[in-house]
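Working notes for the structure below.
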2 protein chains.
Amino acid sequence: METKARIADVARVAGVSTATVSRALSLPDRVGAETRDKVLRAVAQTGYRVNSAARDLRSRRARAITVLVPNLANTFFSRIIASVQEVADAAGLTVQISDSMVEGPRLHTFGRDGRSDGILLLDGTLDAQTVAGWGVPVVMVCEWLDAPGMPGVGTDNVAGIGLAVGHLAALGHRDIAFLGGPAGNVLSDARGQGYVDAMARSGLTIRPQDRLDGDFTMESGARAAHVWAATPESATGVVCASDESALGFISECDRLGLRCPDDVSVVGFDDIEFSDRFIPPLTTVHQPRAAFGRQAAELLVAALQNGVPLPTQRTIIASHLVVRGSTARR
Amino acid sequence: METKARIADVARVAGVSTATVSRALSLPDRVGAETRDKVLRAVAQTGYRVNSAARDLRSRRARAITVLVPNLANTFFSRIIASVQEVADAAGLTVQISDSMVEGPRLHTFGRDGRSDGILLLDGTLDAQTVAGWGVPVVMVCEWLDAPGMPGVGTDNVAGIGLAVGHLAALGHRDIAFLGGPAGNVLSDARGQGYVDAMARSGLTIRPQDRLDGDFTMESGARAAHVWAATPESATGVVCASDESALGFISECDRLGLRCPDDVSVVGFDDIEFSDRFIPPLTTVHQPRAAFGRQAAELLVAALQNGVPLPTQRTIIASHLVVRGSTARR
DNA sequence: GGTCATCATGTAATCGTTTACATGGCCGAA
DNA sequence: TTCGGCCATGTAAACGATTACATGATGACC
């Protein structure tokens, strides 16, 4: 109980071989009931814990999956991770969470180093070659890579922004701006495209001043508010590529003396926890984050444990609009 | 390059022994420059990646530390984790993040299973016996356990709440309520004590209706708002045990037609990212989260790599008050 | 020139499991 | 009774690295 007990210690105490101890613990049906009890008693008495390095080495699997998040500080991801953990837990797998922003140099050792059997990748900015080199199953969540044939779970971002634009148009807004995400990001591109499509569909025109730069963060939303406020004939409605930037935008408008939704209607994208409690509560496109995590984890677990081949396409889960207080009739 | 290459493959390609390969990679100074180059070329050619299960097993260390967080969805923790990762990265250690809420049953196998060499524990509600059984160095962050002699890093919660109460008192508030945290939590207790102390010091009395129940969450803050609004002669200032509950409180007040800070002044605790962007921006007690993470990680790394003994007391880092728009003169 | 330290490298034991294969006991069928 | 099959268990060979110890070369010093 004091120092680390090994399986041989348990075997000695129980009066059986190490093989029997191993089987009693991982395949209880394969040993006699009496022996099993003896082993379990010995385990309790010695305080034995399996050494997972040894186990992983011998069995050539880690019984763990890794969730690779672009930025842990972004609250959007936590709900996804929570449901991944539920699924993995039920399957007897451990979840390791890493931040790809920090793991930079270590990134290319990921699968091959044997620390995890599969990866849930929430970062679409990684090099496709690096990912291909991991050598373990990978499922993308929300974002995706340019590489074709990679399994993934996410929403239809074009359609999502369409809901937002449609909502503002229905409220009588004619000049609708778009506060975008970081250039080069697949979500930014898709949502930007959704804006263009939806404006055309609604018969509205996009003026140069209707495109506001951002990068999903609150700070970028605040900066965009200054640009917007300084523009003549500025838009009366703003669709944002993320909730955080929407909140930053509204917040900075407030400091400039402009009220939402009286002076400007704002729609977000994501539906993070804070949006419902903001003043005003944010109208936004709700993403089913729990479903993303659950479904992605289920795909990975099925591939790992039952050999079910991973799909070669993204699974699309629909988003829907949540109308709250940040949008009003023009 | 295709299938997994082992160290023996690299050795063969480079024309040296496995021992030399191992040394060339982990102790570059101990091999000749020419040999080192040969090995590195062979590594590149074979696509070799060290198998960490084998390495961990043989060297009896995991080169990893675990951060155990009570709830990943709480944005308070992300900044702490980020600075932990910086320190660990510089020391060549991997950071594994786990949610103690989910890991429940697996919790007791933590250190002993050899997956990590040390633990940063952000959850003060764990059983002290379980923690003692881990058998690896543990440093508490923010919260702490009842067990004495355990190293930790955090702030003086009593003093922190004192700043908040003092601020409201200085603004002329005489009836100051306290929106507490979950019962039994060490932070709740300390902050509750800070409220009692500070009220006494300011010569103010605490009436029964000045104690509002909460659990750090936005929802609990919202519920407390109803209680507060329904109370006759309710307090004019509210000190909250967390930012989230403060934001929930203000948000719900707004829905009830009561404005902050005109109808009530509110102070939070934590200074999470959203607080600065709330409307109104939240006056709150700022916790140096980056410093918490950095200092705790440094203690652990020093203990792990240089054998520096861990302190037997908590390291206190001062908090300070950030005055924003949610408090006003009575 | 002999001795010894130093250095680069090789040989092989070792870390703690899992698991393929072997063994022996027991039981039912022929 | 004999044989085959099944079951519970034991024996020992992996898994893939690190590292204590051994070896041989080199060069400094007296």
Side-chain angles (χ1 to χ4, degrees), chain A residues 3-40 42-43 46-64 92 94 109 111-117 135, chain B residues 3-40 42-43 46-64 92 94 109 111-117 135:
Chain A
T3 64
K4 70 278 160 167
R6 291 152 312 170
I7 200 170
D9 300 322
V10 179
R12 190 167 351 93
V13 170
V16 299
S17 73
T18 61
T20 301
V21 174
S22 176
R23 281 187 286 250
L25 295 176
S26 51
L27 307 157
D29 302 336
R30 292 266 239 281
V31 301
E34 200 175 331
T35 311
R36 184 168 53 237
D37 290 348
K38 266 195 304 190
V39 169
L40 293 182
V43 165
T46 55
Y48 169 75
R49 301 275 183 275
V50 67
N51 177 316
S52 46
R55 174 206 285 194
D56 293 354
L57 173 59
R58 171 62 225 231
S59 53
R60 298 155 141 282
R61 32 179 302 208
R63 293 167 178 73
T94 295
T109 77
R112 288 240 196 271
D113 75 354
R115 269 204 223 271
S116 69
D117 302 326
Chain B
T3 64
K4 70 278 163 169
R6 292 151 312 170
I7 199 169
D9 301 322
V10 179
R12 190 168 351 95
V13 171
V16 299
S17 73
T18 62
T20 301
V21 174
S22 176
R23 281 187 286 249
L25 294 176
S26 53
L27 307 156
D29 304 336
R30 291 267 238 283
V31 301
E34 199 175 332
T35 312
R36 184 166 55 238
D37 289 347
K38 265 194 305 191
V39 170
L40 292 182
V43 165
T46 54
Y48 170 74
R49 302 272 183 278
V50 68
N51 178 316
S52 46
R55 175 206 282 190
D56 294 353
L57 173 59
R58 173 60 227 237
S59 53
R60 298 155 144 281
R61 32 181 299 214
R63 293 166 178 75
T94 295
T109 76
R112 288 240 195 269
D113 74 353
R115 268 204 225 271
S116 70
D117 301 327

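So you know, we letter chains A, B, ... as the sequences are listed, proteins then strands, and number each from 1.
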Whether S52(A) side chain and D113(B) backbone form a donor-acceptor pair below 3.5 Å: yes

DNA chain C: 5'-most and 3'-most nucleotides touching chain B, 4.0 angstrom heavy-atom criterion: dA8(C) to dG16(C)

For [X] and [N], what is the distance between atoms [atom1] and [atom2] respectively, to the nearest whole Å?
{"X": "R55(B)", "N": "dT19(D)", "atom1": "CZ", "atom2": "P", "value": "10 Å"}
{"X": "R58(A)", "N": "dA17(D)", "atom1": "CZ", "atom2": "P", "value": "16 Å"}
{"X": "R60(B)", "N": "dA17(D)", "atom1": "CZ", "atom2": "P", "value": "19 Å"}
{"X": "R61(B)", "N": "dA17(D)", "atom1": "CZ", "atom2": "P", "value": "17 Å"}
{"X": "L57(B)", "N": "dT19(D)", "atom1": "CG", "atom2": "P", "value": "12 Å"}
{"X": "D56(A)", "N": "dG16(D)", "atom1": "CG", "atom2": "P", "value": "13 Å"}

Selection from dA12(D), dG16(D), dT19(D) that lies nearest to any side-chain heavy atom of A19(B): dT19(D)

Any Y48(B) side-chain nitrogen or oxygen under 4.0 Å from OP1 or OP2 of dG16(D): no

From OG1 (T35(A)) to CG (D37(A)), nearest 0.5 Å: 8.5 Å

OG1 on T46(A) to CZ on R6(A), rounded to 0.5 Å: 11.0 Å

Pairing stems for DNA chain D [at least three consecutive pairs; Watson-Crick or G-U; under 3.5 angstrom]: C:1-30 with D:1-30

R36(B): salt bridge (charged side-chain N to carboxylate O under 4.0 Å, His left out) partners, not counting sequence neighbours: none

Counterpart residues, side-chain contact (heavy atoms from CB on, under 4.5 Å), relative to R63(A) (two or more places apart): R55(A), D56(A), S59(A), R61(A), L93(A)

Contact summary for R115(A) and A62(A), nearest pair of heavy atoms: O-CB, 3.3 Å

Nearest heavy atoms of I7(A) and Y48(A), plus distance in Å: N-CE1, 3.4 Å

Got a list of side-chain donor-acceptor pairs under 3.5 Å for residues 12-26 of chain A, not counting sequence neighbours?
| from | atom 1 | to | atom 2 | distance (Å) |
| --- | --- | --- | --- | --- |
| R12(A) | NH2 | D9(A) | OD1 | 2.8 |
| S17(A) | OG | A19(A) | N | 3.4 |
| S17(A) | OG | T20(A) | N | 3.3 |
| S17(A) | OG | T20(A) | OG1 | 3.3 |
| S26(A) | OG | S22(A) | O | 2.9 |

Whichever of A54(B) and G15(B) has its nearest DNA chain C nucleotide further upstream toward 5': G15(B)

Identify each atom pair where a protein N or O and an N or O of nucleotides 4-9 of chain D are less than 3.5 Å apart, giving names and distance.
| from | atom 1 | to | atom 2 | distance (Å) |
| --- | --- | --- | --- | --- |
| dT9(D) | OP1 | T35(A) | OG1 | 2.2 |
| dT9(D) | OP2 | G32(A) | N | 2.8 |
| dT9(D) | OP2 | T35(A) | OG1 | 3.3 |

